[in-house]
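Each residue takes its place number in the sequence, starting with 1.
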Amino acid sequence: MTNQINGTEAAIDWFRAASPYINAHRGKTLVICVPGSALRSELLPTLTHDLTLLSHIGLRLVLCFGIREQVDEQLAQTHIKGHIVAGRRVTDPQALSAIISAAGLVRNDLEARLSMGLPNTPMAGARLAVTSGNFVTAQPFGVHGGLDFQHTGSVREIHQNAIQALLNAGHLVLLPPLGYSLTGDVFNVTATEVASAAAIALKADKLVFLVNALPRDTDGSVVRQASANQIQKLYGVSEATVISQTEQSPDKEPEETAQGTGDTSLDQILGTAVQACLHGVQRVHLLANDNPDALLSELFTRDGSGTLITAERWDHIRPASISDVGGIIELITPLQANGTLVSRSREALELDIDRFVVSERDGMVVSCAAMYLEDDSSTAEIACMATHPDYRGQGRADQLLTHLEKQARRQSFRHARILSTHTGHWFIARGYSELALEDLPANRRASYNQARNSKIYQKRL
Ligand SMILES: CC(C)(COP(=O)(O)OP(=O)(O)OC[C@H]1O[C@@H](n2cnc3c(N)ncnc32)[C@H](O)[C@@H]1OP(=O)(O)O)[C@@H](O)C(=O)NCCC(=O)NCCS
């Protein structure tokens with residue numbers, strides 16, 4: 001009984017914590033790309049339930065799917081081995097016919113699953129309209145390194161007006177990895193390319209890829225958040241990665257992928273993610289396809305579960321130096337004058353400059369924050385966070401906060417704390433909870449400024 005009550009309370013708490021995200025996601029366009037292997041796994045029932053749920057809370061959904069495993073299986077039945085080069089299939093007539101058949105079967109399966117609505121199931125009462133069609137125009141991928149890819153195509157155009165009209169009417173749009181040409185031919189296009197082109201054309205808010213493994217940092221830890229720029233630096237992938245892997249010198253045979261078949265490689269997905277970011281998609285999420293909760297936890301919890309790649313150029317965040325003091329003063333003076341920030345003299349700022357990080361634009365400091373790490377404490381205190389009014393709402397403070405929290409975590413600090421008179425809700429939305437003054441350690445309580453009467457917020461790192 002107690003367990004049941006605890007479980008109910010946890011569910012209610014989770015629902016409350018998720019409500020800001022529910023509001024934030026309503027009306028947003030999400031393109032999701034699911035590899036063929038994931039469609040055959042235990043993930044599928046949960047995924048279709050979750051997509052229905054997302055549609056019902058007002059997300060505009062485009063579902064792109066791969067069919068590589070399904071096609072290879074069909075070809076194997078006639079003793080034909082699939083021929084994949086640098087992540088793209090060489091589509092001869094037999095492969096094309098297997099592709100058309102597999103795409104049809106998967107599409108029917110998805111449509112059936114997304115139509116479920118039996119009582120006492122997560123889909124009860126759901127009436128989700130699912131639509132597919134000739135929304136992708138393709139052109140031949142062509143001959144590369146002397147190899148004719150035959151019926152393999154690349155995306156020429158996404159018919160975004162037609163898709164937008166369906167999304168406006170509440171339909172989930174299903175995009176198979178197929179494109180049609182002006183000559184009436186059918187082309188095999190990678191699901192990754194269809195998803196990325198659709199996200200760019202639709203100006204999607206989010207592009208989501210389900211992947212076999214999340215990208216890892218040089219220290220082996222999973223990359224939770226990075227800019228397209230950082231991904232380019234970390235992995236050497238670029239906008240051209242997908243093409244360059246296939247464009248080889250004419251005297252060199254194109255390489256077969258190591259495993260011959262299988263899902264698109266992580267490098268190719270990262271290259272596609274970077275390309276999408278450079279073309280205006282603000283957020284690309286990579287989610288592990290062995291975690292059935294990944295999609296909901298990515299969308300409805302602050303820390304998410306996968307890797308978030310943002311269009312914003314994070315390399316603009318850097319430690320402050322003494323030459324930034326003037327810029328920081330200019331930024332914070334109006335906020336000190338109206339009491340939002342604690343007043344700091346130029347001398348104090350100069351002494352503390354090593355504690356500051358800044359985000360700059362065109363050589364000007366547009367955002368700053370400081371972090372105070374006390375050796376004898378497990379808590380890092382974040383302070384003096386500000387963004388110039390002209391640059392607010394672009395995620396800069398969010399990035400500074402994430403950067404500082406990451407730094408504190410690396411130094412084994414267990415909590416981050418902030419004192420604020422005006423901006424509590426901004427921190428609450430980022431996982432902080434209010435603390436009472438009595439909860440502060442005695443030494444910090446002693447230096448607490450009673451006249452400011454700031455509220456105290458803390459988050460577990
Ligand atoms: C709070 C502040 C640092 C945010 O900077 P920013 O770079 O615009 O932050 P982000 O872009 O990451 O976040 C912007 C979001 O926070 C919201 N936000 C801004 N101020 C907020 C507040 N006081 N309470 C709740 N949300 C707030 C914005 O509406 C915006 O929401 P949206 O993304 O849904 O449009 C900036 O508004 C500022 O300089 N404020 C004055 C100084 C201050 O209060 N500092 C914090 C105390 S240390």
State, with a plain yes or no, whether a side-chain heavy atom of Asn188 is found less than 4.5 Å away from one of Phe149.
no
Under a 3.5 Å cutoff, is there a donor and acceptor pairing between the side chains of Ser367 and Ser359?
no
Student check: side-chain heavy atoms of Ile57 and Leu59 closer than 4.5 Å
yes
What distance separates Asp324 CG from Phe356 CZ, expressed to the nearest 0.5 Å?
10.5 Å
For side-chain hydrogen bond (donor to acceptor under 3.5 Å, both in side chains), just list the numbers for Asp219 and Ser221, CA-CA rounded to whole Å, side-chain angles, deciding distance to a tenth of an Å, and then say yes or no.
CA-CA 6 Å; Asp219 64 3; Ser221 59; 2.6 Å; yes
Interatomic distance, CD@Glu42 vs CG@Leu47, rounded to 0.5 Å, equals 13.5 Å
Are any non-hydrogen side-chain atoms of Cys64 and Pro177 less than 4.5 angstrom apart?
no
Going by an N to O cut-off under 4.0 Å, is there a salt bridge joining Asp217 and Arg224?
no
For the residue pair Ile99 and Arg89, establish whether any side-chain heavy-atom pair is separated by less than 4.5 Å.
yes
Does His422, at its NE2 atom, have more than 12 non-hydrogen atoms belonging to other residues, nucleotides or ligands within less than 6.0 Å?
yes
For Ile269, the option from Ile309, Val274, Leu286 that meets side-chain contact (heavy atoms from CB on, under 4.5 Å):
Leu286
Tell me whether Glu73 is salt-bridged to Arg68, with the criterion being a basic N under 4.0 Å from an acidic carboxylate O.
no
Give, for atom OG1 of Thr29 and atom CG of Asp205, the distance between the pair rounded to the nearest 0.5 Å.
5.5 Å
Do the side chains of Tyr21 and Thr301 get nearer than 4.5 Å, heavy atoms only?
no
Are Arg88 and Phe141 in a cation-pi setup, meaning NZ or CZ lies under 6.0 angstrom from the ring centre and within 45 degrees of the ring axis?
yes
Please tell me if the side chains of Val62 and Ile32 come closer than 4.5 Å, counting only heavy atoms from C-beta onward.
no
Side chain to side chain contact (heavy atoms under 4.5 Å, CB included) against Leu44, all qualifying residues, sequence neighbours excluded:
Leu39, Thr48, Asp109, Leu110, Arg113
Separation of Arg409 CZ from Thr402 OG1 (nearest 0.5 Å)
8.5 Å
Rounded distance (nearest 0.5 Å) linking atom CG of Leu178 with atom NE2 of His151:
13.0 Å
Using a 4.5 Å cut-off on heavy atoms from C-beta on, say whether the side chain of Leu53 contacts that of Leu296.
yes
So do the side chains of Asn289 and Ser41 get within less than 4.5 Å of each other, counting heavy atoms only?
no
Distance-only, no hydrogens or angles: does the Gln399 side chain make a donor-acceptor pair with backbone N or O of Ile317 under 3.5 Å?
no
Going by distance alone, is a donor N or O of one side chain under 3.5 Å from an acceptor N or O of the other, for Ser227 and Asn229?
no
Other residues, nucleotides, ligands: >12 heavy atoms within 6.0 Å of Arg414 CZ
no
Using the rule given for side chain to side chain contact (heavy atoms under 4.5 Å, CB included), can you reason through Ile158 versus Ile163, listing the C-alpha separation, both sets of side-chain angles and the distance that settles it, and then say yes or no?
CA-CA 9 Å; Ile158 298 284; Ile163 299 178; 3.7 Å; yes
I'd like to check the ring pair (Phe, Tyr, Trp, His ring centres under 6.0 Å) partners of His171; sequence neighbours left out, ordered by chain and number.
none
Roughly how far, to the nearest 0.5 Å, is CG of Leu43 from CZ of Arg40?
14.0 Å
Pair Arg430 + Glu405, salt bridge at N-O below 4.0 Å:
no
Is the distance between the ring centroids of His285 and Phe209 under 6.0 Å?
no
Donor-acceptor pair, side chain of His25 and main chain of Leu299, under 3.5 angstrom
yes
Parallel, tilted or perpendicular: ring planes of Tyr457 versus Phe427, cut at 30 and 60 degrees
parallel
